[in-house]
Amino acid sequence: MSARLPASSPLRWQRLLLLSLLLLGAAPGPRRGGAFYLPGLAPVNFCDEEKKSDECKAEIELFVNRLDSVESVLPYEYTAFDFCQASEGKRPSENLGQVLFGERIEPSPYKFTFNKEETCKLVCTKTYHTEKAEDKQKLEFLKKSMLLNYQHHWIVDNMPVTWCYDVEDGQRFCNPGFPIGCYITDKGHAKDACVINSEFHERDTFYIFNHVDIKIHYHVVETGSMGARLVAAKLEPKSFKHTHIDKPDCSGPPMDISNKASGEIKIAYTYSVSFEEDKNIRWASRWDYILESMPHTHIQWFSIMNSLVIVLFLSGMVAMIMLRTLHKDIARYNQMDSTEDAQEEFGWKLVHGDIFRPPRKGMLLSVFLGSGTQILIMTFVTLFFACLGFLSPANRGALMTCAVVLWVLLGTPAGYVAARFYKSFGGEKWKTNVLLTSFLCPGIVFADFFIMNLILWGEGSSAAIPFGTLVAILALWFCISVPLTFIGAYFGFKKNAIEHPVRTNQIPRQIPEQSFYTKPLPGIIMGGILPFGCIFIQLFFILNSIWSHQMYYMFGFLFLVFIILVITCSEATILLCYFHLCAEDYHWQWRSFLTSGFTAVYFLIYAIHYFFSKLQITGTASTILYFGYTMIMVLIFFLFTGTIGFFACFWFVTKIYSVVKVD
């Protein structure tokens, strides 16, 4: 089910690829041997120094990404730390998604030549004089980042350089990052990566990983003349207090920095690189070893089965109501009409004169429906493309870029839906409706995002969006999304109001006293439980990928869960809507929106539980950022699920009242 990188795919993929390229605003990629590749994802061939050509490179570049930590939400650029810097080198350009996620890819001083092995090569030496304020500040920042377990993220040939180690049950886990260093507490307790080496035992001491052993695996292309392709890059971080810093030999005790150290401290950064041919791994499946080391697939199947059981249960209930109860009701109502039975009407037919009475706050409901439709279509299309493998982990930032571009382009359906329903609710203030659809929900999200950005900027984090990008996002919103919303609203208002199957009475009917279960609040609270039950396992992996920096690649599962969520929201809302109509309560519009929208409240409760039980986040700024970004996700989820519930209920109500005879 996992989304895999596009391999040497047949030509039938051509149309789909070109379609996605247009969507992402990219030009079609190069063509090689009858296969099409996404830009930046075509394989690169490497040869020995003497055989290099335009088609075959000899130099392997290593890029460095931002450093992040599970214990802090604040990522930092590589240049924020006092590591060895590249003297020159072209910085790769980031797409919108990468910038929004705080990725900052930069050239590194680590340069290799294909098939040329190096042993203990010196990169640079950093010297700190603790009496100098600037040096002390740099050293303290380094210590703090080791204490919070900040991780390096290196990239070779668009592949993460991984650190593979054994975990319990004989499993091998490949981490796409490795720590700067680790800390032994003053009580002698080894924190994080300090457990890997028994030589790390000095109390109240930091150990820095100043040496890396890199092993690059390659696969020789069958044609031979093409050279080789890199299929994996693995490293092992080590710590050495080099005896001769000018001529390091990678021996001696580990590089320790006591917490109370003073005077001069020298740290020499070195690396070794080796190459190994791997005939079993092909270029197209080179990500598999990282993804397979994440032992989640069996849980995913359990999640899908759990969700399907809920769906089957709900479908059974809805089918029973539709086929048996409703069928009997309609037959009885129509029979009573034909026999001109004077018996009093009862059940849901009683409220036919009020069922399409405009709801209170119809303006707000129509605006929510417009924004919800925009999010619903955006999610569906993004997940569909992710399923086809276009938005795989190798295509960094593509998922977010695709979502933002789609959201901007989907202003027209948002304006159309909002205008259409506002008109059917009998609204007259169309200008206010269009402006609210364009600015209310996006404005709340942007305001939250802007406040979070100010906090990140204040903390000096790489996740802070540059001013230019912020202006670009505003330009996309005001210059593309808003005009498109106006166009959609124009067509929505131009069309005739939605025709309802029954007329609305002039005098509203009195709603009888409701039992506890048919009161609005208990129904709304119950309605959100089943949809949430379908997604909570998947939610765990999504939150893990955002906050614990794990890769998310199971878009096949996610797309399936998305479809299940849509079905569950619809069925749960229809079920509760029917019970309320039988109790002669005709206020279904807001209730149907809030019933499935309440799933977002359970999402919020789960996010709070996840924060306290699974994350080790420390610091006020990180906590504010976590909850700030969670509120954005909750709002989007509320609009998305609420809209599904409303449309399902609207279809149901229109259907049942169109088949019953009304005088």
Side-chain angles (χ1 to χ4, degrees), residues 62 64 67 69 71 76 78-86 108-110 118-132 134-154 161-165 175 177-215 234-274:
L62 188 145
V64 287
L67 286 89
S69 162
E71 295 174 39
Y76 288 101
Y78 181 82
T79 48
F81 298 86
D82 193 34
F83 298 131
C84 305
Q85 307 291 337
S108 80
Y110 298 85
E118 301 276 5
T119 308
C120 206
K121 187 171 182 182
L122 181 69
V123 185
C124 74
T125 306
K126 294 286 177 182
T127 309
Y128 303 96
H129 297 279
T130 50
E131 59 275 3
K132 284 186 185 173
E134 191 189 353
D135 283 9
K136 192 174 182 186
Q137 192 184 353
K138 285 178 183 174
L139 199 60
E140 285 304 315
F141 188 56
L142 204 58
K143 285 179 185 175
K144 187 189 169 190
S145 57
M146 284 191 269
L147 194 62
L148 289 172
N149 196 27
Y150 268 84
Q151 308 252 331
H152 284 282
H153 294 282
W154 290 2
V161 182
T162 56
W163 176 33
C164 296
Y165 50 87
N175 183 3
F178 69 97
I180 296 172
C182 59
Y183 176 61
I184 304 279
T185 63
D186 47 7
K187 290 179 181 169
H189 172 65
K191 276 195 77 186
D192 304 313
C194 274
V195 296
I196 64 169
N197 193 334
S198 56
E199 289 184 37
F200 299 166
H201 53 70
E202 292 289 328
R203 295 185 175 204
D204 198 19
T205 302
F206 292 93
Y207 289 93
I208 187 162
F209 293 121
N210 60 335
H211 174 83
V212 284
D213 281 336
I214 302 169
K215 182 174 264 190
K234 299 177 184 178
L235 63 68
E236 197 177 335
K238 292 181 177 175
S239 181
F240 293 117
K241 190 182 261 182
H242 300 289
T243 38
H244 306 289
I245 281 181
D246 300 332
K247 285 187 177 177
D249 55 357
C250 294
S251 61
M255 181 69 219
D256 57 335
I257 306 167
S258 172
N259 210 0
K260 301 177 184 72
S262 57
E264 187 184 68
I265 296 168
K266 280 191 173 184
I267 303 171
Y269 290 93
T270 56
Y271 73 91
S272 300
V273 63
S274 60

Please round to the nearest 0.5 Å and tell me the distance separating atom SG of C164 and atom CD of E236. 10.0 Å
Spacing of CG belonging to L67 relative to CD belonging to Q151, to within rounding of 0.5 Å: 9.0 Å
Do other residues, nucleotides or ligands put more than 12 heavy atoms under 6.0 Å from the CD atom of Q137? no
Of all heavy-atom pairs linking D192 and V195, the shortest is O-CG2, 3.4 Å
Quick check on side chain to side chain contact (heavy atoms under 4.5 Å, CB included): which of F209, F240, F200 does P254 satisfy it with? F200
With a sphere of 6.0 Å drawn around NZ of K191, does it hold more than 12 non-hydrogen atoms of other residues, nucleotides or ligands? yes
Does any non-hydrogen side-chain atom of T270 lie less than 4.5 Å from one of C250? yes
Check: V161 and F178 side chains under 4.5 Å, non-hydrogen atoms: no
Does I180 reach the side chain of F81, with side-chain heavy atoms less than 4.5 Å apart? yes
For the pair W154 and Y110, name the ring-plane relationship: parallel under 30°, tilted 30 to 60°, perpendicular over 60°. tilted
Any chance the side chains of D213 and Y271 put a donor and an acceptor closer than 3.5 Å? no
What's the separation between atom NZ in K126 and atom CG in D135, rounded to the nearest 0.5 Å? 10.0 Å
Quick check: does any side chain N or O of Y150 sit under 3.5 Å from a backbone N or O of K144, one acting as donor and the other as acceptor? no
So which heavy atom on S69 is nearest to which on E71, and how close? OG-N, 2.9 Å
Chi angles and distances behind the side-chain contact (heavy atoms from CB on, under 4.5 Å) call for V212, Y269: CA-CA 9 Å; V212 284; Y269 290 93; over 6 Å; no
Examine the side chains of D82 and Y128 and answer whether a donor and an acceptor come within less than 3.5 Å of each other. yes
Tell me if the NZ atom of K121 is crowded by more than 12 foreign heavy atoms within 6.0 Å. no
Might you confirm whether atom CD of E131 has over 12 heavy atoms from other residues, nucleotides or ligands at distances under 6.0 Å? yes
All heavy atoms of N149 vs all of P179, minimum pair found to be OD1-CB, 3.6 Å
Side-chain donor/acceptor of T205 to backbone N/O of I184, under 3.5 Å: no
Using a strict 4.0 Å threshold on nitrogen-to-oxygen distance, state whether K136 and E140 make a salt bridge. no
To the nearest 0.5 Å, what is the distance between CG on L142 and CD1 on I265? 10.0 Å
Just wondering, do Q85 and Y78 contact through their side chains at under 4.5 Å, heavy atoms? yes
Quick one: does H242's side chain get under 4.5 Å of L122's, heavy atoms only? no
In short, H129 meets E264 closest at the heavy-atom pair CE1-OE2, 3.1 Å
With side chains defined as the heavy atoms from C-beta onward, is the minimum distance between K241 and D256 less than 4.5 Å? yes
Please check: side-chain N/O of S239 versus main-chain N/O of I208, any donor-acceptor pairing under 3.5 Å? yes
With a 3.5 Å distance limit and no angle check, can you tell me whether N175 reaches the backbone of W163 through a side-chain donor-acceptor pair? no
Interatomic spacing from CD1 in I257 to OH in Y207 - rounded to 0.5 Å: 11.0 Å
How long is the gap from CE on M255 to CD1 on I267, to the nearest 0.5 Å? 5.0 Å
Identify the heavy atoms of V64 and S108 that sit nearest to each other, and give their distance. CG1-CB, 3.8 Å
Any N259 side-chain heavy atom under 4.5 Å of D186 side chain: no
Grab the two heavy atoms, one from A80 and one from F141, that are nearest each other, plus how far apart they are. O-CE2, 3.5 Å
C120 backbone acceptor or donor facing S272 side chain under 3.5 Å: yes
